[in-house]
There are 2 protein chains.
Amino acid sequence: MAPAEHPRMSDVAERAGVSLSTVSRALRGAPGVAPAVRENVLRAAAELSYVVSRGASSLVTGRTGRIAVLVPFLQPWFFGVALAGMNTRLRAAELDMLVYQVGDVEELDGYVRSLPLRSNVDCVVAVSLDLDEGEIKQLDELGLPVVFCSQRVEGRPSVFIDNTGAARGATQHLLNLGHTRIAYIHTRDQTGFSWSSQERRRGYEQAMAEAGAEPFVVSERPGHDGGALAMGRLLSVSHPPTAVFAESDDVAMGALRVLRRSRLEIPEAISVIGFDGSDFAELLDLTTVAQPVFEMGVRAAELAADIVETGRPSTAQVELPTTLLVRQSTAAPRRSRNLTVRAAPHS
Amino acid sequence: MAPAEHPRMSDVAERAGVSLSTVSRALRGAPGVAPAVRENVLRAAAELSYVVSRGASSLVTGRTGRIAVLVPFLQPWFFGVALAGMNTRLRAAELDMLVYQVGDVEELDGYVRSLPLRSNVDCVVAVSLDLDEGEIKQLDELGLPVVFCSQRVEGRPSVFIDNTGAARGATQHLLNLGHTRIAYIHTRDQTGFSWSSQERRRGYEQAMAEAGAEPFVVSERPGHDGGALAMGRLLSVSHPPTAVFAESDDVAMGALRVLRRSRLEIPEAISVIGFDGSDFAELLDLTTVAQPVFEMGVRAAELAADIVETGRPSTAQVELPTTLLVRQSTAAPRRSRNLTVRAAPHS
DNA sequence: CTGTTAGCGCGTTCAG
DNA sequence: CTGAACGCGCTAACAG
């Protein structure tokens, strides 16, 4: 490793028979270099398989060519897709992507305090961090521009969907099918990351109110487990719902598992709708509200790239559309249906 | 942005009333600083919310404090979990994680040629890239140490599982249950990333050979779709298998979808086993071979951190254990079972 | 159009 | 134990 010292710019200059600054200009595509000379330099660089050291150049330009992406989790489908979207767009902008998992607000605080980002990246993209105003202000202490992805923040560059409207639409779908006893599964954990969840809940409540139906919200912890627990609770009340709207596909899948194990047919016994449009929803024929996650990543990266390239702050608000994907997990309720219809002889 | 210029080390020095180099030593935890002085410096730095510029320091130390992670995909469960594992361990080592998606060998080639990594990271971790020798050699041209995660490479630091052994165990499980007509679903695409797939297939074939059973391999494209297509083919032969071993949970899920839509009960009509131990396998009660993906990430990051810290190349081979998770998708075959038993009156 | 001269912010000698 | 000089590899003003 050590024997093969990397070539420096002066090596290229020597080989091409020009000066250092000419090499710099040529490699950078800066104007003011004769085409022939430029070609010479490029060839010399290629022959030495030379690459400019970003560290050195950013020391003088002040730009690092890197952006940081902050995500609350790395594992869920959503974040993989979002990162893939960003990756695509960032590559086009020749920006590298630093990924940090910030599990909770406390950790975010730690990050901001230790500031490992400052002078290390040009911009940070916060994905689904669902921060409140105070936390956003904290991020400012980094002294870096911040782009919000999957969260709408007024006055800040952000890419988002209309959670409330989409949730209202999903609820309306169930109402239109003839359901009236529609439950909403909502999650919340201690860390306090739950903005979009709140917005979706609001959309559900609006639609229910407009229809004159009684809202019925159960709150559990996030993830499959929460969905399973919530479904268990819903199946234990005296008058169970005929349809369930889960805050996310993840949560819906937990609910589906419980229904399957209870031998309750979907959608005959109960309709289920999720949110996200994950590919697992497709596998399970789950009706869901799809959001364009990949494109959200792309657009967020685009905003970041713009900010880095122009050096100007931005307040762009990018709202992306959602799509209701109706599949086999939702259908009209059976007339005067009762969940116990199969098991109860006295039906 | 511009008004809030970041403080420099000299600012800290001035505030603490010491010289530049003393600040450097103090901040770095280097020996040769009086405790009282160090504390002073630390306080001054905190008050200015100062952080050393990695760019500047790496210019002189030659270390960037960054590692690059190369993944073929960002979206699948596997990679999210692996990245999460790395993230954990890298944070402990105070290394930042640059993530690059390299979809196929061609793209990898592009990366290696444009060398955006050189002098930009200290080490690269290749996750599940399933490279052949030539491609590995190509990576060497980066002039950087490479750690392999989820691929065994002799003489190189690598973290992996025993794919062959695990696949043999899974096949043995089915054989022990009494199955003899066991199919294997194998995937392959044009890009040529398929090492572990080959290894698993070999394990399957070994177990079948030992049992004197006839191997039956169908090959399709990767992902859910491939699994679905493969299952379709398996259901269309004259004597369908009573059990299916899918190369991965992803593929198994595609197969499951086809079975569900065909109204074939699992495991009554057909047993299915996957590979990976994804949490979706759990949701679907899919028997699977679990691999410790998170830990693979952790261990790979550890190898990388070691190499960076010691500066010495490594040839560590870390083999991690797999676990067969028996769930409800596998069971003994029905005596003289026939897939058409329910539909065929002449049974 | 090209070369020369200064630093960018820090770590590392080496004297004190 | 501390400070002053030098240089890491590169870009940005200038001068030619």
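In what follows, every chain begins at residue 1, and chains take the letters A, B, ... in the order their sequences are listed.
- Remark: P of D/dA4 and CD of B/E14 are 13 Å apart, rounded to the nearest angstrom.
- Remark: A/T22 is not in phosphate contact with C/dT2, judged by side-chain N or O atoms under 4.0 Å from OP1 or OP2.
- Summary of the strand contacts: B/R25 and A/L59 both lie near DNA chain D, and taking for each the nucleotide with the nearest heavy atom, the more 5' one is attributed to B/R25.
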Salt bridge (charged side-chain N to carboxylate O under 4.0 Å, His left out) evaluation trace for B/R299 with B/E295: CA-CA 6 Å; B/R299 301 298 290 276; B/E295 200 190 341; 3.3 Å; yes
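- Rounded to whole Å, the distance from CG on A/L27 to C1' on D/dG9 is 13 Å.
- Rounded to an integer number of Å, the gap from A/R8 CZ to D/dG7 P is 12 Å.
- Taking only side-chain nitrogens and oxygens, B/Y50 never comes nearer than 4.0 Å to OP1 or OP2 of C/dG9.
- Taking atom CZ of B/R63 as the reference point, atom P of C/dT12 lies 11 Å away to the nearest angstrom.
- Ion pairing between a basic and an acidic side chain is recognised when a charged N comes within 4.0 Å of a carboxylate O; A/R54 and A/D96 show such pairing.
- The phosphate of C/dG3 (OP1 or OP2) has a side-chain N or O of A/S19 nearer than 4.0 angstrom.
- Atom OG of residue B/S10 and atom OH of residue B/Y50 lie 8.5 Å apart, to the nearest 0.5 angstrom.
- Across all strands, B/S21 comes closer than 4.0 Å to base atoms (heavy-atom distances).
- Side-chain proximity of A/A34 to C/dG9, C/dC1, D/dG9: nearest is C/dC1.
- At the phosphate of D/dT11, neither OP1 nor OP2 sits under 4.0 Å from any side-chain N or O atom of A/T61.
- Under the 4.0 Å criterion applied to side-chain N and carboxylate O atoms, A/E154 and A/R152 are assigned as salt-bridge partners.
- Distance CG (A/N40) to C1' (C/dC1): 15 Å, rounded to an integer number of Å.
- Rounded to whole Å, the distance from CG on A/L20 to C1' on D/dA13 is 15 Å.
- Between the CE atom of B/M9 and the P atom of D/dG3 there is a distance of 14 Å, rounded to whole Å.
- Taking only side-chain atoms of A/V37, from C-beta outward, the nucleotide of D/dT11, C/dT2, D/dG9 with the closest atom is C/dT2.
- Following rounding to the nearest Å, B/N120 (CG) and D/dC10 (P) show an atom-to-atom distance of 13 Å.
- Between A/R156 and A/D140 there is a salt bridge, since a side-chain N of the basic residue sits under 4.0 Å from a carboxylate O of the acidic one.
- Contact check, B/S24 against C/dC10: no side-chain N or O comes under 4.0 Å of OP1 or OP2.
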